[in-house]
Every structure is written in structure tokens, then in C-alpha cells.
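Basis for what follows: all heavy atoms, side chains included, without hydrogens, waters or symmetry-related copies.
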Amino acid sequence: MNGTVGYGLVLGGLAFAAFGALVGLVSGLRRSDAGFPWVMRAVWGFAACMIGSNLVMVHALVTHDFSVRYVAQVGSRATPLVYTVVSLWSALEGSILFWGLIMGGYIAAFAYIHRKEHARYMQLALGTMLAVGVFFAFLIAGPANPWGAVSPVPADGPGPNPLLQNHVLMVIHPPMLYLGYVGMTVPFGVAVAGLLRGEIGEAWMAPLRRWTLVAWLFLSIGIILGAWWAYAVLGWGGYWAWDPVENASFLPWLTATAFMHSTMVQERKRMLKLWTLSLALASFVLTILGTFMTRSGIFNSVHSFTQSDIGPTFLVFLGVLLVLCVGLLAVRGPLLVPEGTLASPLSRESSILVNNLVFVAITFTVLLGTLYPLISEAVRGVRVSVGEPYFNKMAVPGGIAVLFLMGVGPVLPWGKPDPATLRRQFIIPAVVGLVVTAVCFAVGLRGVYPLMTFGLAGFVTVVTLRELVAPVRVRMSERKEGFVTALTTSALKAQRRFGGYVVHLGIVLIIVAVAASSAYVEHTSGTLKKGQVIELGGYQMKYLGLVSGEEAHRTYVAARVEVTSPGGKVSELKPRLNYYERSTDPIGTPGVRETPAEDLYMSLMAFSEQAGTASFNVWVFPLVGWIWWSIPLLVLGTLIALWPRRKAAVAMAGAPAVGASPLTGGDAERGAA
């Protein structure tokens, strides 16, 4: 019964998506509003079917309906309830079904929030999003169908992948990553609609910017939580290894970040229109590429799914997307004529352009290093390995350049600078940066890149804090919209600016933590008998013996280790090895002593009860926890930037608007913004 109902809902979602995509695109291209109510009905139908199918699958998992193929694949009566529900996205077919749920929710949310805006604008955007929904509904109904019947029905199943049961972060990390990936569908739909209409005014850019920021936030959280999961679960003494699947999530993050900076130039100077839309399209294409890399089985990664039949289908879809995006940019791009020019190389718009070029260079470097082994194998028949040295050699200088531009950009003015003012703006942050570098060197820190990072972090922090408290200035001589519109426009930009600088502080925190934990990490290993001590970084670790236990879904063996910190404080760590029925090899859980300054990280590698010994790997990671604790700053800054200002929006809508060509947005478009 569950299988029939769930599959029927998927087919219903496919029908709704196909109908809505056809009506929306055709009506939008004909510039007719007649189809808009039908497109909206299709959106509600698609969302309801996707949500309903996922709820039916959760019911099947919780009730252990092993007649459903996916439940037989990942279900188990011994699995705790929370991991039973989480197993919805623990394997390929369920993850695609969950993808459909999130896509239905995103499209419905976009349709509801913008339901009163221009029908032709909405029809093209929703039609494009539903066309993407057609592809994923087809996947769920066909190559990735989780609803197949099993006969004979087994009495029990193997349970989800043990790695997914080993830490609570797996309850949060995949949904955050999916919300980031799938969220890129919305800006993609708006960008395609803008190109089809040949109009890129504020009415288009406002939702494009907001929805990209929403997806960017979830993607950022997903990436950080994934790094935290790798650190807290895998026990290898790290959080980022330039793994292909890690890179797959990083690529769209880079282009989406570049896009959000580019929109500032587009909004302020009416420049970089084609470039900005290209970044929006690229972000979505890279999410599809990342999904292909994760789910095709062509990469060997702890994060990826097993071999599957959906790889060719994804490749075809990726090819169609590339042709569509390149074709739209080639045909409609010439219509997007820039209305401004770069006034000076020492201007804010120039720094943002350089910022974009650096982000794109990093994106290309990571993409090339990720795909090169596959290209080499396909062309030469030889599979090569591209490891951390390549990525670090190329990406670290790029990251330092981004940090530098984070400090320089806000100091530079829009347009031509005044040299005297520029010097005054730079002098205090530059002095602080030099002082930070000197202090770090004086306390014994070495290394060109780390010292540059810490000095630039001081420079950027001073600039950012100064910008956070800078007053809102409305210069009427630069405004043509009138007093009310100028005031509300400035307030809206100030709010976005404030949120952006809070996010910058979070990014600075991450960069400093990565630099410190990578450059100054300490490591040792050893095999201890009971009562023996191992030392590292001023810590003394005394092995006290083994303890074992049994939980509902696993058994474990843990080592009791007494830790004496450099300050004399005594605590106990229990690194352990977990044993799952489905897995032949144990899965470790490291013991971590966390402080704001550093983490003491211990992994139990092996033990011998007969000999009374245990083998450990031990690391001391300076500042590593700052990476995870940057999340509140990223969330706070993004929420500030996204928080609606109803009065301001109403005032802007009611104020006289400047007439403009269709390519820059006219009166009607400004009212819809």
C-alpha cells in the first residue's frame, strides 16, 4: 500500500510539473497573463505531491514496511527512531526523493511570496523551476525509484550506512546541504526568466539576490557542518581533505559568493549585468555537476553514494543545461548593455570586479583538480591522483587575496577616490594589521602565509567594525528618485551592508581558524600499556584501560585516557571504536577536549585486550573550533540582510520612479520590486 501511494504521488508531481512548465514558459514568452493561475495551481500540486510522497516514505520507514524496496535497503528494526527517519536521505534513491521534497517547498515558497507580482515575470521563472522539477520527478519515477516492491518480504533490513548513524551531525548536515543545492533552482529560474525577457532591472535583481543569499546561507552551513562531521566522526585528524565531493559543494559556494558581490556593482553602477547573470546560472549548473559527482559513483569518496544507473541521465541533463545557458547568454546577452564604466582602478567597483576574478580563478582551479583524474583516465587510460598539495598551492594564495580584498573594498569609494581621504581611511587598519603580524612573529609564530593571514585578518576586522558603526548617509545630490525613495533606498542598502559585514566577520573567523589549525598543528602517535603516558603540546595523556558497552544499533570499545592540561587541569577522554552489524570494519569516534584556543584530539586506532595495549593518534589543533562557531555570525548577518522592511518597500513602491528602458527596469518593474 505504501509503495503504491508513494509512487502514485511521484507520478502526480511529474504531471503537475510538466503541465506547469509548459504553460508557464509558453504563456510567459507570449506575454500573456492568462496561464498564470494554472501555473500557480501546478506549483501547489507539485509541492503537495512531493511532500506527500516523502511523508509516505517516512511512514514506511518508521513502520518497517520492508515490502518497499528502499525500506528493505536501509531499514532495520534495531535502528533508533531518529536514525530511521534520517535514513530517508541515507541512500541514493531516498536522497533524490528528499531532493524533490525540498524543491517542491522552495518553488511553493517563491510562488507564494511573489504571487502578487507581474504574471509574465512569474510565469517564466516558475515555468523554468518546474522544468527542473520535471527532471527530478522523472528521476524519482524512473532510474532512482525508491518505491519498487520486494518479494519475498524480508523480516528485517541492514539499517542505514553506519557512518550516518555515528554522529548527530548527520541529522543536520545533509538537509542543510540539500537546502543549499536545491535552493539554487530559484535564482536559476529568475535568471533564465530575465534573459528570456531581456530585462534585468531591480524587479528581477531583488528576488534573484535574496534567494541566492538564502541558498548561499544553507550551503555555507552545510559545508561547515560537513567539515565538523568529518572532524568529529572519521577520526583521521582533519576536517577538509579536498575530497571530490567536498569540492562539489565548494564550487557553487564560490560562484554564488562572487554573484552576490557582483550584484552590488550591477545595482549601484548598472554594470556587469551579463557577468552577474552568468554567475547565477553557473552556480546552478555547478550544483547539478556536484550532484552528479556525488551520486554517479564515479568518484571514490567517503561522502559519495554507491554506483548507480542515474549517472548517464544526469550527464544528459547537465549537457542540456550547458547548451541552454550558453545559448541564452549568447543570444540575449548583447541586450544587457552596461550603463556605467569603471571610473578608476582605485574604486569599489574595481575591487569587486577583481574579487570576482579571484573567486572564478579559485573555482576553475578546484574544478580542474577535481575533474582532471577522470579526464586523464578517459583520454589516456591512466588515472592520476590530484591531492592536497595541488589544491593548497593554488587555493591558499587565492584565499589570502580574497581576505585582502575584503578589507580594501569597503575602504574604497564608489567612483573616483580622493587621495587624501583614501590615505586617512587606510592608515589605522594598515597599522593594526602590521601590529598583529609583528605580535604573532614575536610570540614565535612562523610561516609567510599564516603571518600574512593573521595580519590581513586584523586589517579586515578593523575595516569591518568601522563600517558596521558608520552612519547612514543620504546624499540627495546623487539621488534622482526624490526624498522618500532616497531615504528608504539608503536604509535598505544600509541594512544589507550591515548584514554583509557581520558575515564578513564570520568569514574572517573561518580563514584565521583554517590558517592556524593547518600551519601549527602538532601530531604524535603511539601504543601504550595501562598506566603509560604520551605527551604532546604540553598535554600529558595517561592510558587507564578499556571499557566496552552495547547500544541498540551498535557495540563499542572505548579507551579511558586521563588528560592533564598544560595548566594542570585533569579531565578524561574516551576515544572509541564502534561496531555495526552491517560493517566489517569499526568506525571510530575521537575524543576531543575543546577550548577556545585549541582542541586536543585523540583517536583510538587499535587495541589488544590480551597484551593490554591501545594505539592512539593524537593531534593539537589551534583555533579549530572557530570554524564551527562562525555559523552564528553567518546566520545573523544573512538574516539581517534578508529581514524585510515593509514600510520602506511600500514607500519605494509609492514614490515616483525614474523611467528606464526594458533592460534596466521601468516604472512597473520598480513597483514590483
Side-chain angles (χ1 to χ4, degrees), residues 209-210 213 216-217 220 257-269 343-356 358-359 399-436 453-475 478-479 486-512 630 632-643 645 648:
R209 183 173 54 240
R210 293 189 199 106
L213 187 54
W216 177 91
L217 174 62
S220 301
T257 305
F259 164 82
M260 287 185 294
H261 287 84
S262 182
T263 59
M264 292 189 290
V265 180
Q266 195 278 334
E267 178 184 24
R268 185 69 180 249
K269 293 294 184 178
S344 167
L346 295 178
S347 63
R348 187 171 301 189
E349 54 267 33
S350 296
S351 73
I352 291 175
L353 179 58
V354 175
N355 167 287
N356 270 219
V358 172
F359 272 115
I400 292 175
V402 168
L403 185 61
F404 172 73
L405 291 168
M406 284 172 59
V408 169
V411 174
L412 297 175
W414 295 101
K416 292 183 178 180
D418 174 59
T421 303
L422 209 57
R423 283 194 295 271
R424 288 196 302 271
Q425 290 284 83
F426 267 103
I427 189 166
I428 294 178
V431 169
V432 171
L434 291 173
V435 170
V436 169
T453 300
F454 300 148
L456 286 173
F459 170 73
V460 173
T461 300
V462 172
V463 170
T464 303
L465 293 175
R466 185 172 64 190
E467 291 297 315
L468 280 172
V469 299
V472 177
R473 296 183 179 91
V474 182
R475 289 175 293 181
E478 298 181 0
R479 311 287 182 178
L487 181 61
T488 53
T489 300
S490 181
L492 287 167
K493 289 179 179 177
Q495 178 179 315
R496 295 207 309 268
R497 184 194 69 184
F498 190 92
Y501 287 131
V502 173
V503 170
H504 275 197
L505 290 177
I507 299 298
V508 170
L509 210 63
I510 293 172
I511 293 175
V512 169
S630 67
L633 284 174
L634 301 183
V635 173
L636 176 62
T638 303
L639 290 179
I640 291 172
L642 288 172
W643 199 261
R645 295 178 61 94

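Separating the OH atom in Y501 from the CD1 atom in I640 is a distance of 14.0 Å, to the nearest 0.5 Å. N356 CG to S262 OG: the interatomic distance, rounded to the nearest 0.5 Å, is 5.0 Å. In this structure, the separation between CG on L468 and CZ on R497 is 8.0 Å, given to the nearest 0.5 Å. The CH2 atom of W414 sits 5.5 Å away from the CE atom of M264 when rounded to the nearest 0.5 Å. The distance from the CZ atom of R209 to the OG1 atom of T263 is 5.5 Å, given to the nearest 0.5 Å. Note: T257 OG1 to N355 CG = 9.0 Å, rounded to the nearest 0.5 Å.
Between S350 and P345 the shortest heavy-atom distance is CB-O, 3.4 Å. When all heavy atoms of V436 and G458 are compared, the closest pair comes out as CG2-CA, 4.3 Å. The shortest heavy-atom contact between S351 and G409 is OG-CA, 3.4 Å. Summarising the geometry of A401 relative to V358, their closest heavy-atom pair is CB-CG1, 4.2 Å, with the distance given to 0.1 Å. For the pair G407 and P410, the tightest heavy-atom approach, listed with the atom from each and the gap, is O-CD, 3.6 Å. Here the shortest heavy-atom pairing between V512 and A457 reads CG2-CB, 3.4 Å.
Panel note: side chain R496, backbone A641; no donor-acceptor pair is recorded below 3.5 Å.
With contacts defined as side-chain heavy-atom distances shorter than 4.5 Å, the pair L403/I507 does not qualify. In this structure, the side chains of W216 and V503 come closer than 4.5 Å at one or more pairs of heavy atoms. Within the 4.5 Å cutoff, side-chain heavy atoms of L633 are placed close to those of L509. Under the 4.5 Å side-chain criterion, counting only non-hydrogen atoms from C-beta, V408 is in contact with F426. Residues Q425 and R466 form a side-chain contact, since some pair of their non-hydrogen atoms from C-beta on lies under 4.5 Å apart. A heavy-atom distance below 4.5 Å is not found between the side chains of L353 and V265. Under the 4.5 Å side-chain criterion, counting only non-hydrogen atoms from C-beta, L422 is in contact with P413. For the pair M406/L456, no side-chain contact is recorded, criterion being any heavy-atom separation below 4.5 Å from C-beta on.
Residue I428 places its CD1 atom among 12 or fewer non-hydrogen atoms of other residues, nucleotides or ligands, all under 6.0 Å distant.
Residues R424 and T421 bring a donor and an acceptor atom of their side chains to less than 3.5 Å of each other.
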